[in-house]
Every structure is written in structure tokens, then in C-alpha cells.
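Beneath this line is the structure, given in C-alpha cells, with notes to follow.
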Amino acid sequence: MVKLRYGTQPHPSYKSLTIKSNGVRIATEKSAKVHVVFNGEVTAVIAIKNANTVVMVQHGNYYTAYKNLGKVYVKKGDKVTTNQEIGEVFTNSSNGETILSFSIFKESSAQNPANWIYKM
């Protein structure tokens, strides 16, 4: 289930405010596997202090970012293929949520992930 869509939209808690999302947040089940959307090369595996791991994949002049991973199956420099498992989404023990944040960029410009992963 999509929890947060791409683009400008009302804030989920404060309806008078808007937020601009450069990606999507997708709620999944516990231990959900993360699959790469297209052939590419892992350019970074980033462990963020007080957060969870991000995997960045380059697909020509496009980049995808898979955020909030609890387990990672790839390393920088790995070649990946469409639909390959690259990790598992982290489950928050305090609220039980398992949410993947996913973004796509063409060079440095954010793109709408809906065109790649789901129908709006």
C-alpha cells in the first residue's frame, strides 16, 4: 500500500500544510524483500546514523534509491538485474511498520516512481 505518493500534497497530519515528496513510501509486510526495478550497478550502500541503510543503483543516466533497509544483500560495484533481491525492508519494533522509501532520479532530477512500479 502506498503511504506517501510522489509530488506536492497535503501533509498527512497537518492539512493546512503541504509537503513535496521526491519519492514514494510503500507499506509492506514484515521481512519483505526489496527488488531492483531495472538492470544496473550498485553505486552505494549507505548506513545512516540513527536511521537504516540506503542502497543506490545506477541505470545509465537514471538512479534509484531504496531506503529503510534492515538487511542488504549487495555491495558497492555489484551488477544487478531487473527484479533481483537486494535486501529486506526494516520493521520498526515500536509501531510494527515496515515501510520502503523509493526514489528515482534522472541525473539529478527527481522522477515519478509511479511510471516504474505501480499504477496511480
Open item on the list: Test of understanding: clusters of I, L, V, M, F, W, Y form through side-chain heavy atoms closer than 4.5 Å, transitively. Do Phe102 and Met56 belong to the same one?
Closed with: no

Open item on the list: According to a hydrophobic-cluster definition based on side-chain heavy atoms being under 4.5 Å apart (Ile, Leu, Val, Met, Phe, Trp, Tyr only), do Phe90 and Val74 belong together?
Closed with: no

- [ ] For side-chain hydrogen bond (donor to acceptor under 3.5 Å, both in side chains), just list the numbers for Glu88 and Tyr73, CA-CA rounded to whole Å, side-chain angles, deciding distance to a tenth of an Å, and then say yes or no.
- [x] CA-CA 8 Å; Glu88 292 180 21; Tyr73 307 153; 2.6 Å; yes

Please round to the nearest 0.5 Å and tell me the distance separating atom [atom1] of [X] and atom [atom2] of [Y].
X	Y	atom1	atom2	value
Asn112	Asn22	CG	CG	11.0 Å
Lys76	Thr43	NZ	OG1	7.5 Å
Ser21	Leu4	OG	CG	4.0 Å
Lys33	Lys71	NZ	NZ	6.5 Å
Ile48	Leu69	CD1	CG	10.0 Å
Glu97	Lys3	CD	NZ	5.0 Å

- [ ] Mind running side-chain contact (heavy atoms from CB on, under 4.5 Å) on Val36 and Tyr66 for me, showing each step along the way?
- [x] CA-CA 8 Å; Val36 70; Tyr66 307 81; 3.3 Å; yes

Would you check if [X] and [Y] make a side-chain contact, meaning some heavy-atom pair closer than 4.5 Å?
X	Y	answer
Thr82	Val37	no
Gln111	Ser109	yes
Lys106	Asn61	yes
Thr28	Ile99	no
Leu100	Val89	yes

- [ ] With sequence neighbours left out, write down each residue that passes ring pair (Phe, Tyr, Trp, His ring centres under 6.0 Å) with Tyr62, or none if nothing qualifies.
- [x] Trp116

TODO: Return the set of residues passing ring pair (Phe, Tyr, Trp, His ring centres under 6.0 Å) with Tyr63 (not counting sequence neighbours), or none when no residue passes.
DONE: none

TODO: Might you work through the side-chain contact (heavy atoms from CB on, under 4.5 Å) test for Thr64 and His59, ending with a clear yes or no?
DONE: CA-CA 8 Å; Thr64 51; His59 319 270; 2.7 Å; yes

Task: Minimum-distance pair of heavy atoms, taken over all atoms of Ser103 and Gly23 - done: OG-CA, 3.7 Å

Open item on the list: For a quick test of reading the model, state the closest non-hydrogen atom pair linking Lys30 to Thr91 and the distance between them.
Closed with: CG-OG1, 3.5 Å

Please check this pair: side chain of [X] against backbone of [Y], looking for a donor-acceptor N/O pair closer than 3.5 Å.
X	Y	value
Thr81	Asn39	no
Glu107	Phe105	no
Glu85	Gly87	no

TODO: Take Asn92 and Thr98 through the test side-chain contact (heavy atoms from CB on, under 4.5 Å) and record every step on the way to the result.
DONE: CA-CA 6 Å; Asn92 184 320; Thr98 305; over 6 Å; no

Task: ring-ring contact (aromatic ring centres under 6.0 Å, His included) partners of residues 22-43, not counting sequence neighbours, each pair once - done: none

- [ ] Could you give me the CA-CA distance, side-chain angles and deciding distance for Leu17 and Ile19, then say whether side-chain contact (heavy atoms from CB on, under 4.5 Å) is met?
- [x] CA-CA 7 Å; Leu17 299 176; Ile19 56 174; 5.9 Å; no

Open item on the list: For His11 and Thr18, which I'm curious about, is there any donor-acceptor pair between the side chains at under 3.5 Å?
Closed with: no

